[in-house]
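These notes concern the structure reproduced below.
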Amino acid sequence: MRFSTFKNDHRITEQGSLLPDSYATTLADSKNVSTGSEAVQRYALPNDDPAVFVFDIKPMEQTLIKRGIVQENFGKPGGGVEVIFCVGTGPDTVSLRPQTLPA
(Lines give C-alpha, C1' and ligand atoms only; values in the text may rest on other atoms or scores of the structure.)
Protein backbone atom coordinates (compact mmCIF):
# COMPACT_ATOMS: atom_id res chain seq x y z
CA MET A 1 0.00 0.00 0.00
CA ARG A 2 1.22 3.48 -0.83
CA PHE A 3 -0.13 6.50 1.02
CA SER A 4 0.04 9.79 -0.87
CA THR A 5 -1.12 13.36 -0.56
CA PHE A 6 -1.61 13.41 -4.31
CA LYS A 7 -4.12 11.52 -6.47
CA ASN A 8 -1.64 11.81 -9.36
CA ASP A 9 1.35 10.55 -7.37
CA HIS A 10 4.56 11.31 -9.28
CA ARG A 11 6.05 7.92 -8.31
CA ILE A 12 3.26 6.01 -10.12
CA THR A 13 3.41 5.78 -13.91
CA GLU A 14 0.53 5.82 -16.37
CA GLN A 15 1.20 2.09 -16.92
CA GLY A 16 0.43 1.36 -13.27
CA SER A 17 3.98 0.76 -12.09
CA LEU A 18 6.17 2.28 -9.38
CA LEU A 19 9.38 4.10 -10.22
CA PRO A 20 12.63 2.77 -8.71
CA ASP A 21 13.21 3.52 -5.01
CA SER A 22 9.52 4.19 -4.36
CA TYR A 23 8.38 3.46 -0.84
CA ALA A 24 5.19 1.90 0.48
CA THR A 25 4.05 -0.28 3.37
CA THR A 26 2.55 -3.70 3.86
CA LEU A 27 -1.18 -4.37 3.83
CA ALA A 28 -0.95 -5.49 7.47
CA ASP A 29 0.79 -2.29 8.61
CA SER A 30 -1.54 -0.06 6.57
CA LYS A 31 -4.34 -1.15 8.92
CA ASN A 32 -2.65 0.85 11.71
CA VAL A 33 -3.80 4.14 10.20
CA SER A 34 -7.33 5.33 9.56
CA THR A 35 -6.71 8.92 8.44
CA GLY A 36 -4.36 10.68 6.07
CA SER A 37 -2.86 12.62 8.99
CA GLU A 38 -2.03 9.38 10.82
CA ALA A 39 -0.33 8.07 7.66
CA VAL A 40 1.86 11.18 7.44
CA GLN A 41 3.05 10.63 11.03
CA ARG A 42 3.49 6.82 10.93
CA TYR A 43 5.37 6.82 7.61
CA ALA A 44 7.22 10.13 8.24
CA LEU A 45 6.07 11.52 4.91
CA PRO A 46 7.76 14.70 3.65
CA ASN A 47 4.52 16.61 2.99
CA ASP A 48 2.50 17.87 5.97
CA ASP A 49 -0.80 17.62 4.10
CA PRO A 50 -2.82 14.46 4.90
CA ALA A 51 -1.97 11.43 2.73
CA VAL A 52 -5.60 10.65 1.89
CA PHE A 53 -4.95 8.63 -1.27
CA VAL A 54 -4.11 4.95 -0.83
CA PHE A 55 -2.78 2.95 -3.77
CA ASP A 56 -2.91 -0.85 -3.73
CA ILE A 57 0.33 -2.45 -4.94
CA LYS A 58 0.50 -6.07 -6.10
CA PRO A 59 4.10 -6.65 -7.17
CA MET A 60 5.25 -9.78 -8.92
CA GLU A 61 6.82 -12.39 -6.65
CA GLN A 62 10.41 -11.74 -7.78
CA THR A 63 10.24 -7.94 -7.27
CA LEU A 64 13.36 -6.67 -5.50
CA ILE A 65 12.47 -4.94 -2.22
CA LYS A 66 14.04 -3.76 1.01
CA ARG A 67 12.08 -3.84 4.26
CA GLY A 68 12.55 -1.88 7.42
CA ILE A 69 10.99 0.36 10.01
CA VAL A 70 10.33 4.01 9.14
CA GLN A 71 12.73 6.22 11.10
CA GLU A 72 11.89 9.64 12.50
CA ASN A 73 12.14 12.16 9.68
CA PHE A 74 10.69 15.53 8.64
CA GLY A 75 9.73 16.14 12.28
CA LYS A 76 7.47 13.06 12.31
CA PRO A 77 7.90 9.99 14.53
CA GLY A 78 7.71 7.17 11.95
CA GLY A 79 7.49 3.65 13.34
CA GLY A 80 5.58 2.02 10.50
CA VAL A 81 6.79 -0.83 8.30
CA GLU A 82 8.54 0.43 5.17
CA VAL A 83 8.93 -1.38 1.87
CA ILE A 84 11.23 0.15 -0.76
CA PHE A 85 10.88 -1.07 -4.34
CA CYS A 86 14.54 -0.96 -5.40
CA VAL A 87 13.93 -1.16 -9.17
CA GLY A 88 10.26 -0.24 -9.12
CA THR A 89 7.47 -2.56 -10.19
CA GLY A 90 6.15 -3.84 -13.50
CA PRO A 91 3.12 -2.51 -15.41
CA ASP A 92 -0.33 -3.02 -13.93
CA THR A 93 0.97 -3.65 -10.41
CA VAL A 94 -0.39 -0.43 -8.88
CA SER A 95 -4.05 0.58 -8.78
CA LEU A 96 -4.55 3.80 -10.70
CA ARG A 97 -7.78 4.47 -8.81
CA PRO A 98 -6.74 5.03 -5.20
CA GLN A 99 -8.94 4.49 -2.19
CA THR A 100 -9.43 7.56 -0.05
CA LEU A 101 -9.15 8.16 3.67
CA PRO A 102 -10.54 10.98 5.79
CA ALA A 103 -8.01 13.76 6.41
Side-chain angles (χ1 to χ4, degrees):
M1 307 299 285
R2 180 172 169 84
F3 291 88
S4 181
T5 302
F6 308 101
K7 187 174 184 178
N8 295 318
D9 188 311
H10 72 282
R11 304 292 300 172
I12 300 171
T13 71
E14 291 178 5
Q15 294 77 31
S17 60
L18 284 176
L19 295 176
D21 297 321
S22 294
Y23 52 86
T25 191
T26 62
L27 177 61
D29 198 76
S30 73
K31 294 178 181 180
N32 289 305
V33 298
S34 57
T35 69
S37 295
E38 289 176 1
V40 168
Q41 295 298 313
R42 184 166 183 83
Y43 304 113
L45 300 178
N47 195 317
D48 289 331
D49 294 332
V52 297
F53 299 103
V54 186
F55 296 88
D56 189 22
I57 304 165
K58 294 185 178 161
M60 291 182 266
E61 200 170 305
Q62 69 275 16
T63 302
L64 181 61
I65 62 169
K66 292 181 188 175
R67 293 177 186 244
I69 301 297
V70 177
Q71 299 300 302
E72 180 181 346
N73 203 2
F74 306 111
K76 295 156 187 128
V81 173
E82 182 174 60
V83 178
I84 300 171
F85 292 89
C86 303
V87 295
T89 63
D92 301 318
T93 56
V94 182
S95 64
L96 294 178
R97 291 183 165 192
Q99 302 167 28
T100 57
L101 294 176

Heavy-atom check, side chain of Phe85 versus side chain of Pro59, under 4.5 Å: yes
Ionic contact status for Asp29 with Arg42, cut-off 4.0 Å: yes
Exam field: side chain Thr25 to backbone Val81, donor-acceptor pair closer than 3.5 Å: yes
Flag side-chain contact, heavy atom, 4.5 Å: Phe53 against Thr100: yes
Non-hydrogen atoms of Thr26 and Arg67 that approach each other most closely: CG2-NH1, 3.9 Å
Arg2 vs Leu18 side-chain heavy atoms within contact, under 4.5 Å: yes
Flag side-chain contact, heavy atom, 4.5 Å: Leu101 against Val54: yes
Side-chain donor-acceptor pair present, Asp56, Ser95, cut-off under 3.5 Å: no
Heavy-atom side-chain contact between Met1 and Gln99 under 4.5 Å: yes
Taking every non-hydrogen atom, the tightest pair across Asp48 and Lys76: OD1-NZ, 2.7 Å
Minimal non-hydrogen separation, Glu14 against Leu96, with atom names: O-CD1, 3.5 Å
Closest non-hydrogen atom pair between Ser37 and Ala103, with its separation: OG-O, 2.8 Å
Gln41 vs Pro77 side-chain heavy atoms within contact, under 4.5 Å: yes
Point-to-point distance, once rounded to the nearest 0.5 Å, from OG of Ser4 to CZ of Arg11: 11.0 Å
Aromatic ring proximity, centroids under 6.0 angstrom, Tyr43 and Phe3: yes
Which atom of Tyr23 lies closest to which atom of Pro46, heavy atoms considered: OH-CD, 3.8 Å
Shortest non-hydrogen separation from Ala51 to Leu45 and the atoms involved: CB-CD1, 3.6 Å
Side chains of Asp49 and Asn47 in contact at under 4.5 Å (non-hydrogen atoms): yes
Option passing side chain to side chain contact (heavy atoms under 4.5 Å, CB included) with Thr89 (candidates Leu19, Thr63, Ile12, Ile65): Thr63
Contact check, side chains of Phe55 and Asp9, non-hydrogen atoms, under 4.5 Å: yes
Common cluster, Val33/Leu27, ILVMFWY with side-chain heavy-atom separation under 4.5 Å: yes
Check: Glu82 side chain, Gly80 main-chain N or O, donor-acceptor pair, under 3.5 Å: no
Under 3.5 Å side-chain donor-acceptor pair for Ser34 and Glu38: yes
